Amino acid sequence: MRLRDKLLPLLDFAPLLGLRNGETDVSRMTHEGMTAVVVQVGTKHAGVLVDNVFRTEEIVVKPLSSVLRHISMFSGNTILGDGSVIMIVDPNALGTAVGSIDTHAALAQAVPQETSDAEQNRTALLLFRAGSKTLKAVPLSLITRLEEIALDTIEHCNGQDVVQYRGSLMPLIPVQANRAQPQSGFQPVLVFTDGAHPAGLVIDEIVDIVEEPLVIDLQAEAPGVIGAAIIRDKAVEIVDVSHYLGSVFDAHRTMPPESERALRVLLVDDSQFFRNMLAPLLRASGYEVALAASAEEALALKDKGERFDLIVSDIDMPGMDGLDLAKNLKAGSSWAEIPLIALSSHANPQLVEKSRAAGFESFVGKFDRQTLMHALQDCFKGWGAAA
Amino acid sequence: MNRGMHDGQSQGFVTVFTAGQLFALKLERVRDVFVPQALSTVPLAPPEVAGLLNLRGRIVTALDLRRRLGLPPREDGKPTVAVGIEERGELYGLIADKVGDVMWLPASQYETVPTNLDPRWAQVCAGVYRLDGQILMVLDVDKILDFSQFGAAA
């Protein structure tokens with residue numbers, strides 16, 4: 001099968017399970033179409049032919065009974081939300097099955113070096129539609145879960161739609177207000193969480209998950225949109241999640257005590273996208289945020305005598321990079337005492353080590369919002385104790 | 001029945017019917033008796049494994065007693081009952097056709113496995129009782145759960 005310009009080996013799942021023994025029904029495949037679940041095992045991708053996809057569910061894998069442990073196809077089992085017991089397929093077993101048919105794997109392995117650099121700058125984006133035909137996108141890493149919620153379980157409470165979700169009420173916020181809602185069926189929802197509090201963004205349909213270099217071409221005027229980008233030759237709106245869910249999350253937030261002045265954070269990042277994405281989040285968490293588009297701009301702020309309680313800086317920037325900025329600041333400048341948090345989209349151990357050596361207190365993946373918030377809190381805790 | 005006979009000299013058994021035969025399991029090995037529902041079949045599993053089910057939040061491996069004993073398969077749709085057994089922290093359900101009485105039987109009447117018993121049964125039989133008109137076969141739970149023998153009975 002061909003998927004996004006790559007040949008994808010297809011596995012027929014039923015015979016692997018000892019079901020429907022015999023040849024893959026190719027005529028059925030070409031005439032009626034079938035569903036393939038694309039799996040990645042190590043560097044290998046494969047499509048696994050299935051009859052039906054039901055839904056996603058988060059589970060706790062329980063060990064198999066010892067009488068079943070010899071079956072390598074399964075890694076465990078669990079009880080689903082509806083009380084039924086389900087087997088969990090071991091992706092490694094699928095990988096083994098792929099290995100036996102994938103003769104091109106060796107060729108593909110031969111040229112990884114050329115692409116790896118571009119690969120690293122890619123961002124996984126979830127493409128979806130909501131309210132209009134225009135494709136919208138959200139960085140996948142911001143999303144906690146994709147859910148399909150049965151419409152008849154949606155309740156109206158407190159002036160908003162809510163659904164009982166894992167023992168608490170999850171507000172559902174539509175991207176398009178006042179949308180006509182069908183009465184039955186399933187509603188795709190993107191679940192975001194802030195600490196323990198989930199909120200669901202109601203959309204029309206999930207289109208795809210892509211991994212592409214993300215360049216914002218147009219800055220947006222409209223609220224709720226960060227900007228527009230070209231993804232796979234199509235214009236895509238990058239959605240500002242905090243616009244929709246900020247109010248929900250703010251309601252839960254425990255603000256820093258009123259008596260204290262707001263803590264000042266300097267965010268240094270050459271990417272307008274990240275500045276636009278992170279600044280509202282930081283502000284929503286009660287920090288006062290200043291922005292710098294480069295290390296040089298940050299140093300200029302220092303020379304002007306600005307003071308901050310914490311600096312969050314991107315590592316990869318044109319001109320002076322984050323590492324040099326940190327070394328510069330730590331080398332006896334007036335900002336030498338300010339804790340630094342490093343941001344980077346490539347979190348490899350060498351880079352983490354380098355950033356530590358340069359003077360960063362902690363290192364956070366660019367889209368890892370939760371860790372960033374924790375890192376900020378940790379820094380301030382230490383800072384508060386020292387003060 | 002016969003609760004009055006419960007003393008040092010008698011032993012308790014849970015009895016079940018499967019394919020017209022009466023089998024007994026030692027009472028102290030039986031955790032509960034329940035009606036198996038929503039059985040999930042497990043592909044690639046030995047034929048004795050009927051599937052998995054959820055019993056009050058725990059996963060139970062259901063074993064078909066007919067398959068285990070090499071008896072003819074049950075007709076589809078016939079009601080079943082399961083005897084719950086815990087073994088090394090895992091729950092198993094032995095699926096039979098019908099549950100019988102709990103019996104207290106005197107240890108003095110317990111007989112060893114008859115030599116002329118079908119070897120497939122002799123393997124899992126702990127002993128027998130001669131009751132009025134029929135033989136009660138006491139199943140050895142440890143041998144029933146001896147997975148190395150699975151796949152052989154079919």
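In what follows, chains carry the letters A, B, and so on, assigned in the order in which the sequence lines appear, proteins first and then strands, with residues in each chain numbered from 1. Owing to the predicted nature of the structure, the values given are computational and were not obtained by experimental measurement.
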Region of A/Leu68 that comes under 4.5 Å of a non-hydrogen atom in chain B: side chain
Listed once per pair and sorted, the ring-ring contact (aromatic ring centres under 6.0 Å, His included) pairs that draw on residues 124-145 of chain B, sequence neighbours left out: B/Phe13-B/Tyr129, B/Tyr110-B/Tyr129
Considering only distance and modelled atom types, tabulate donor-acceptor pairs under 3.5 Å from the side chains of residues 15-24 of chain B, sequence neighbours left out.
residue: B/Thr15; atom: OG1; partner: B/Asp101; partner atom: N; Å: 3.0
residue: B/Thr15; atom: OG1; partner: B/Asp101; partner atom: O; Å: 2.6

Closest non-hydrogen atom pair between B/Ala45 and A/Ile71, with its separation: CA-CD1, 3.6 Å
What would the table of donor-acceptor pairs between chain B and chain A look like if you include every N and O pair under 3.5 Å, whether backbone or side chain?
residue: B/Ser40; atom: OG; partner: A/Val85; partner atom: O; Å: 2.5
residue: B/Asn54; atom: ND2; partner: A/Gly83; partner atom: O; Å: 2.8
residue: B/Thr61; atom: OG1; partner: A/Ser65; partner atom: OG; Å: 3.2
residue: B/Glu90; atom: OE1; partner: A/Ser66; partner atom: N; Å: 3.2
residue: B/Glu90; atom: OE1; partner: A/Ser66; partner atom: OG; Å: 2.8
residue: B/Glu90; atom: OE2; partner: A/Ser66; partner atom: N; Å: 3.1
residue: B/Glu90; atom: OE2; partner: A/Arg69; partner atom: NH2; Å: 2.7
residue: B/Tyr92; atom: OH; partner: A/Ser65; partner atom: OG; Å: 3.3
residue: B/Tyr92; atom: OH; partner: A/Ser66; partner atom: OG; Å: 3.2

For B/Gln109, all residues meeting side chain to side chain donor-acceptor pair (under 3.5 Å), sequence neighbours excluded: none
